[in-house]
Amino acid sequence: MKNVAVIGAGTMGNGIAHTFAQKGYKVQLIDISQASLDKGMATISKNLDRMVAKEKITEDGKAETLSNITTFTNMEAGVKNAGLVVEAATENLDLKLKIFRDLEKFCPDDTILASNTSSISITQIAAVTSRPEMVIGMHFMNPVPIMKLVEIIKGYSTSDETYKTVEEISKKLGKVPVEVNDYPGFVANRILMPMINEAIETLYNGVAGVKEIDTVMMLGMAHPMGPLALADFIGLDVCLSILNVMYDGFKNPKYAPCPLLVNMVMAGKLGAKSGEGFYDYSENRKAEVVASMFV
């Protein structure tokens, strides 16, 4: 299996494409927006430049990686020869179901269909196809070229053969695959998102400020990044979406998103990608200056 299609050229999609291409796979990177594809390829090139500067790869290695990626705005053309498709579109159920219905029509019968979803049910996604045994979750962590973990989520009907194939591919990418069953939030986000939500509640209740909360968790719990800075990095809209999926799935109030998070997303304060969240990113892309609302 040397041909891999990646759906979506955003942060996760271009990172996944980069990772496969660097390991010698031929990658078809697909997005409906040519501008998104151009931006994604520019990001890959910049990240490869960093690796060259750190002497982790050579200039020839960079050129070879880039040559392994072909971009498409047409899904049918992009997936026609793929042995594996990894969907990395926006975390929206209706969009993902539409994509998998299209993949069902356009892909060869033996193509494995994987989703990079961070919380949506693989069983539900698989149900819109006629090959649920070949649908699986392949949840990479951000930034994909650096982070070792891949959560591999088995849906209700995912076959052992599909699992073993994806597990082996993950290892060939230099990742550490972990088998996870299909419940809302899986493992990573089921544990991470309530912590982030509780940090937002702590701020909302006036217990401490943004930097104070993050400092406690970094210095007291040895976290490399505070939960509010991490929420900004992930995207507050993504955090809200994942919490809503878990709240809907478990009907447990402990997963209910904090009203402050809901209001910030409605106001367009989505974190680093929008220029402001709990921190202000107008002058610096690092979480160093607290947003004026919280000063």
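Below, each value reflects all heavy atoms present in this structure, side chains not excepted, and no hydrogens, waters or symmetry copies. Numbering starts at 1 and runs along the sequence shown.
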Exercise. Show the numbers, then the answer: is there a side-chain contact (heavy atoms from CB on, under 4.5 Å) between Cys239 and Met193?
Key: CA-CA 7 Å; Cys239 293; Met193 286 301 153; 3.9 Å; yes
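- Open room surrounds CD on Glu161; 12 or fewer heavy atoms of other groups in view lie less than 6.0 Å from it.
- Between Val86 and Val4, the shortest heavy-atom distance links the atoms CG2-CG1, 4.5 Å.
- In the hydrophobic clustering of this structure, Leu103 does not group with Val6; members are Ile, Leu, Val, Met, Phe, Trp, Tyr whose side-chain heavy atoms approach within less than 4.5 Å, directly or through other members.
- A side-chain donor from one of Thr162 and Ser159 sits under 3.5 Å from a side-chain acceptor of the other.
- Residue Lys62 qualifies as enclosed at atom NZ: its count of foreign heavy atoms under 6.0 Å is above 12.
- Met221 and Ile191 are not part of a single hydrophobic cluster, where members link through side-chain heavy atoms under 4.5 Å apart.
- Inter-residue side-chain proximity for Leu93 and Gln124 is flagged as met; some heavy-atom pair is nearer than 4.5 Å.
- Among the candidates Val166, Ile152, Ile169, the single residue satisfying the side chain to side chain contact (heavy atoms under 4.5 Å, CB included) test with Pro177 is Ile152.
- Under the 3.5 Å distance criterion, the side-chain polar atoms of Thr73 are left unmatched by any main-chain donor or acceptor of Ser33.
- Counting only N and O atoms by type, the side chains of Ser119 and Asn189 include no donor and acceptor under 3.5 Å apart.
- Open room surrounds CD1 on Ile32; 12 or fewer heavy atoms of other groups in view lie less than 6.0 Å from it.
- Side-chain contact between Glu64 and Gln22 is absent, with no heavy atoms from C-beta onward closer than 4.5 Å.
- For the residue pair Asn181 / Tyr156, no side-chain donor-acceptor distance below 3.5 Å is found, with atom types taken as modelled.
- Judged purely by distance below 3.5 Å, without hydrogens or angles, the side chains of Lys26 and Asn3 never pair a donor atom with an acceptor atom.
- Note: the hydrophobic cluster containing Met12 does not contain Val238 (ILVMFWY, side chain heavy atoms under 4.5 Å, direct or indirect links).
- Side-chain atoms of Gln28 never come within 3.5 Å of backbone atoms of Phe72 as a donor-acceptor pair (strictly under, hydrogens ignored).
- No side-chain donor from either of Glu201 and Asn197 sits under 3.5 Å from a side-chain acceptor of the other.
- Within the 4.5 Å cutoff, the side chain of Met75 has heavy atoms near those of the Phe106 side chain.
- Here Glu59 contributes atom CD and Leu48 contributes atom CG; the two are 9.5 Å apart, rounded to the nearest 0.5 Å.
- Contact of the Leu203 side chain with the Val207 side chain is not registered, since no non-hydrogen atoms from C-beta on lie closer than 4.5 Å.
- Glu87 places a side-chain N or O within donor-acceptor distance of the main-chain N or O of Ala89, the cut-off being under 3.5 Å.
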Quiz item: Would Ile136 and Ile153 satisfy side-chain contact (heavy atoms from CB on, under 4.5 Å), going step by step from the backbone distance to the final call?
Solution: CA-CA 6 Å; Ile136 196 165; Ile153 301 99; 5.8 Å; no
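- Environment of OH in Tyr183: sparse, with no more than 12 heavy atoms of neighbouring residues, nucleotides or ligands closer than 6.0 Å.
- With hydrophobic clusters built from ILVMFWY side chains whose heavy atoms lie under 4.5 angstrom apart, Leu84 shares a cluster with Leu29.
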Exercise. In sequence, state the C-alpha distance, the side-chain angles, and the governing distance for Val176 and Val150, and then conclude on side-chain contact (heavy atoms from CB on, under 4.5 Å).
Key: CA-CA 6 Å; Val176 178; Val150 180; over 6 Å; no
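- Annotation for Lys96: atom NZ counts as buried by contact number, over 12 foreign heavy atoms lying within 6.0 Å.
- With contacts defined as side-chain heavy-atom distances shorter than 4.5 Å, the pair Tyr25/Thr19 does not qualify.
- Residues Met195 and His223 have side chains in contact (heavy-atom distance under 4.5 Å, counting atoms from C-beta outward).
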Quiz item: Given Val144 and His18, is the side-chain contact (heavy atoms from CB on, under 4.5 Å) satisfied, shown in steps?
Solution: CA-CA 8 Å; Val144 181; His18 171 163; over 6 Å; no
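- Aromatic pair Tyr255/Tyr247: centroids not less than 6.0 angstrom apart.
- The backbone N or O of Lys211 lies less than 3.5 Å from a partner atom in the side chain of Thr215, making a donor-acceptor pair.
- Under 4.0 Å is where a charged nitrogen must lie from a carboxylate oxygen, and between Glu76 and Lys105 no such pair does.
- Arg131 places a side-chain N or O within donor-acceptor distance of the main-chain N or O of Thr111, the cut-off being under 3.5 Å.
- Here the CD1-OG1 distance, from Ile57 to Thr65, works out to 5.5 Å after rounding to the nearest 0.5 Å.
- Side-chain atoms of Asn284 do not come within 3.5 Å of backbone N or O of Val289 as any donor-acceptor pair.
- Atom OG1 in Thr11 sits 11.5 Å away from atom CD1 in Ile234 (nearest 0.5 Å).
- Judged by distance alone, the side chain of Lys273 and the main-chain N or O of Leu270 form no donor-acceptor pair under 3.5 Å.
- Under the 4.5 Å side-chain heavy-atom criterion for ILVMFWY residues, a single connected hydrophobic cluster contains both Phe100 and Val79.
- Between Tyr204 atom OH and Glu198 atom CD the span is 13.0 Å, to the nearest 0.5 Å.
- Here Ile120 contributes atom CD1 and Leu97 contributes atom CG; the two are 7.5 Å apart, rounded to the nearest 0.5 Å.
- Environment of CD in Glu212: crowded, with over 12 heavy atoms of neighbouring residues, nucleotides or ligands closer than 6.0 Å.
- Counting only N and O atoms by type, the side chains of Glu91 and Thr117 include a donor and acceptor under 3.5 Å apart.
- Residue-environment remark: NZ (Lys164) stays at or below the threshold of 12 foreign heavy atoms within 6.0 Å.
- Two residues are said to be in side-chain contact when any heavy atoms from C-beta on lie closer than 4.5 Å; Leu192 and Leu230 meet this criterion.
- Under the 4.0 Å criterion applied to side-chain N and carboxylate O atoms, Asp160 and Lys154 are assigned as salt-bridge partners.
- The CZ atom of Phe278 sits 13.0 Å away from atom NZ of Lys269, with the distance rounded to the nearest 0.5 Å.
- A donor-acceptor contact shorter than 3.5 Å links the side chain of Asp232 to the backbone of Tyr279.
- Asp280 places no side-chain N or O within donor-acceptor distance of the main-chain N or O of Ala291, the cut-off being under 3.5 Å.
- The existence of a salt bridge linking Asp94 and Lys98 is excluded, since no basic side-chain nitrogen approaches an acidic carboxylate oxygen closer than 4.0 Å.
- Ser45 places no side-chain N or O within 3.5 Å of a backbone atom of Met41 that could act as its donor or acceptor partner.
- Counting only heavy atoms from C-beta outward, the side chains of Val180 and Glu151 approach each other to under 4.5 Å.
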